[in-house]
Enquirer: 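Can you read through this structure? Questions will come right after.
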Amino acid sequence: MTGYLPAVAGQIEELVAQYAAKTVLHEPNGSGGAYIVIDSIDPGPAYIQRESWLGFVITHQCPDADIYPVFLSGELRRVDGKPHTPPFTPTTWHDRSALQFSLRSPHHNPAIDTAAIKAAGVVACLAERS
Amino acid sequence: MNPPAAGMSLTIPAPLWEKVHAHLFPGDRDEHGAIILAGLADGPRGPRLLAREAMLAVDGVDYVPGQTGYRALTDDFVNRAIDRAEAADLAYIAVHCHRGTTSVAFSSPDIASHERCYPAIVQMTGQPVGGLVLAVHAADAEVFMPDGSRTTLAEVVVPGANLLRLRSEPAAPPVGADPSFDRQSRLFGQAGQGVLGQMRVAVVGLGGIGSILVELLGRLGVGHLVVIDPDKVAPSNLHRLPAARRIDAMTWLRREGAPALLQRLGLALSAPKTRLAARNIRRANRGVKVTKLRCDVSDATALDALKQADWIFLAADTNTARHAVNAVVHQYLVPGVQVGVSIPVADDGQVGQLHVAIRPLVPGEACQWCQELIDPAELAMEALPEHERTRARYVRDEPAPSVMTLNTIAAGEAATYFMLAAVGLHLEDVDRDARAHFPRSRERDRQRAHGRANCRWCSTDPASVLGLGDARALPGQ
Ligand SMILES: [Zn+2]
Ligand SMILES: [Zn+2]
């Protein structure tokens, strides 16, 4: 894995292992960090669609920085037909239509909290919505 | 007080120093021992040993009557320290105390024991190995290096509320005084003026507070100032940057409503804040050496400069700057002070509690992470390229209010804290806690902070970088 800081490369490996059954795309962002897209996750019961990609940046401030924000497919529509409201905001991310999910981890612990744990946390959070 | 000395030094974080000092000088005037384990870094005047942890030898158990000297560390205690030094790639420094106050030297049995033992320990650990003898206000040490050389330590530095510098004998008083500093030298003496003149001080952020700081530091007579800021002077800055001129911000090109081409030209021609700072420092004091770094503090060039500083003023209010400086403070044991002004004004114009904070950055004590002054989500956002960051912030950033009088409180108190620390004039039992001023209620608070037991910056947890110096990369590097 070239183009990544050691801490970033370690977190990508953990993501790839955690989502072995899915595709984890990763690309250097030019400053030692990585653009990540996981294809595909379950966006939970709040949306009509049953699948979405999950994208985010592991920045060069890994592991001290949070993984924030994260992005979902811009095609997601709510089952109740209402428009998206914060912390969900329609946007574009790397030329894709995207839904930004601004989920902070205020108790982020660099010794424990990795990108894989954040991704699992995002999916768990989406599963609990209704 | 002693000025900084050229040569190899040992820096001991204040909490560790207090622990070791209490163990060596319990008041019984007897001899006691300990082993300090230290990282290594390149410094402004020579290599720096960075004390990280200490093993205190228990009298009668680990520290017993010696065969050649008065007392000696037991083989078992020494072997435990060697194992730890080897496992963590740390220098091994055996410490004991002698009587005396302002001067100290090894005895001949001390030196004989160094020659007998230390080369073998160097072989085992592959790291520097040395002996340190302390009197109450003096220190002498010699270090055997992995390359086979043997060095006498120039000084021991303890960055607490006073920047203690110990030598084997007090430095000779400076000769010849600069009459232009006469009135301030009457406070801290020519020796104090000499200390300031030998110091390399970094100022991170040259906005409202940093621009006042450099003026004060130049006039104090600090020998070398490193000024760091990526930005250029903008028309909206002019009213709170000392001695800024309209031409520094190219106001007539950058006025509101000017064509975009002129705006761009105006930005290109505007003065970097580092240039304005250097101009003000030279006007204040032609003798100051100024290093201008027009880059972000997290850039490698800026980090390299911070590692080589004797003191850091943190006057930039980004999470990135706090994170970068925090890492240098604890990994390289460079002390400093953080300053900030917060002016909460609600959308409806309601003014909240104005707040001026002055926070000492003490190596080995509760760090910026432990004080929750760095937001991990904001740190992530600041690491994104500007266009991604702007898009991700769906609430538009309004410029924060900034008022020069409040900036002056912050700069004045922080520079005074530095001055008193550098010349050793803080009262002996003064605390190192942060202070907050609340100008609207005219109150002033002391803010105690506690370091987390497993903090990866300021604790002595095995996974922390405290005192590891050049053995670890700094954030993002
Ligand atoms: Zn001795
Ligand atoms: Zn800490």
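Chain identifiers are assigned alphabetically (A, B, ...) following the order of the sequence lines, protein sequences preceding nucleic acid strands; residue numbering begins at 1 within each chain.
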Enquirer: Does either side chain, that of R48(B) or that of Y332(B), offer a donor lying less than 3.5 Å from an acceptor on the other one?
Expert: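 No.
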Enquirer: Kindly list each side-chain donor-acceptor pair under 3.5 angstrom involving residues 457-466 of chain B, sequence neighbours excluded, with atom names and distances?
Expert:
unit_1: S459(B); atom_1: OG; unit_2: A453(B); atom_2: O; d: 3.4
unit_1: S459(B); atom_1: OG; unit_2: C455(B); atom_2: N; d: 3.4
unit_1: S459(B); atom_1: OG; unit_2: C455(B); atom_2: O; d: 2.6
unit_1: S459(B); atom_1: OG; unit_2: D461(B); atom_2: N; d: 3.1
unit_1: D461(B); atom_1: OD2; unit_2: A463(B); atom_2: N; d: 2.9
unit_1: S464(B); atom_1: OG; unit_2: R52(B); atom_2: NH1; d: 3.2
unit_1: S464(B); atom_1: OG; unit_2: S459(B); atom_2: O; d: 2.6
unit_1: S464(B); atom_1: OG; unit_2: D461(B); atom_2: O; d: 3.4
unit_1: S464(B); atom_1: OG; unit_2: L466(B); atom_2: N; d: 3.3

Enquirer: For the pair Q338(B) (side chain) and L361(B) (backbone), establish whether a donor and an acceptor sit closer than 3.5 Å, ignoring hydrogens and angles.
Expert: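 Such a contact is absent between Q338(B) side chain and L361(B) backbone.
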Enquirer: With chain A, which of A377(B), A380(B), P475(B) has the greatest number of heavy-atom pairs at distances under 4.5 Å?
Expert: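 Option with the greatest count: A377(B).
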Enquirer: Against chain A, work out which of E372(B), E382(B), R452(B), M381(B) has the most heavy-atom pairs shorter than 4.5 Å and name it.
Expert: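 Of E372(B), E382(B), R452(B), M381(B), M381(B) has the most heavy-atom pairs under 4.5 Å with chain A.
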Enquirer: Drop me the distance from R322(B)'s CZ to L373(B)'s CG, to the nearest 0.5 angstrom.
Expert: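 That separation rounds to 6.5 Å.
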Enquirer: Between S31(A), G33(A), S102(A), G32(A), which has the largest tally of heavy atom pairs under 4.5 Å with chain B?
Expert: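 Heavy-atom pair counts peak at S102(A).
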Enquirer: Tell me, for Y35(A) versus chain B, whether the close heavy atoms (under 4.5 Å) come from the side chain, the backbone, both or neither.
Expert: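 For Y35(A), side-chain heavy atoms alone lie under 4.5 Å from chain B.
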Enquirer: Using a 4.5 angstrom heavy-atom cutoff, name the option from I58(A), T92(A), D113(A), V8(A) with the most pairs to chain B.
Expert: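 Answer, by heavy-atom pair count under 4.5 Å with chain B: T92(A).
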Enquirer: Any ring pair (Phe, Tyr, Trp, His ring centres under 6.0 Å) pairs touching residues 100-120 of chain A, not counting sequence neighbours?
Expert: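 Residue pairs passing ring pair (Phe, Tyr, Trp, His ring centres under 6.0 Å), neighbours aside: F88(A)-F101(A).
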Enquirer: Do you see a donor-acceptor pair shorter than 3.5 Å between the side chains of T301(B) and D299(B)?
Expert: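 No.
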Enquirer: Please state whether the side chain, the backbone, both or neither of R456(B) comes within less than 4.5 Å of a heavy atom of chain A.
Expert: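 Contact with chain A: side chain only.
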Enquirer: Chain A heavy atoms under 4.5 Å from N319(B): which part of the residue, side chain, backbone, both or neither?
Expert: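 Interface part for N319(B): neither.
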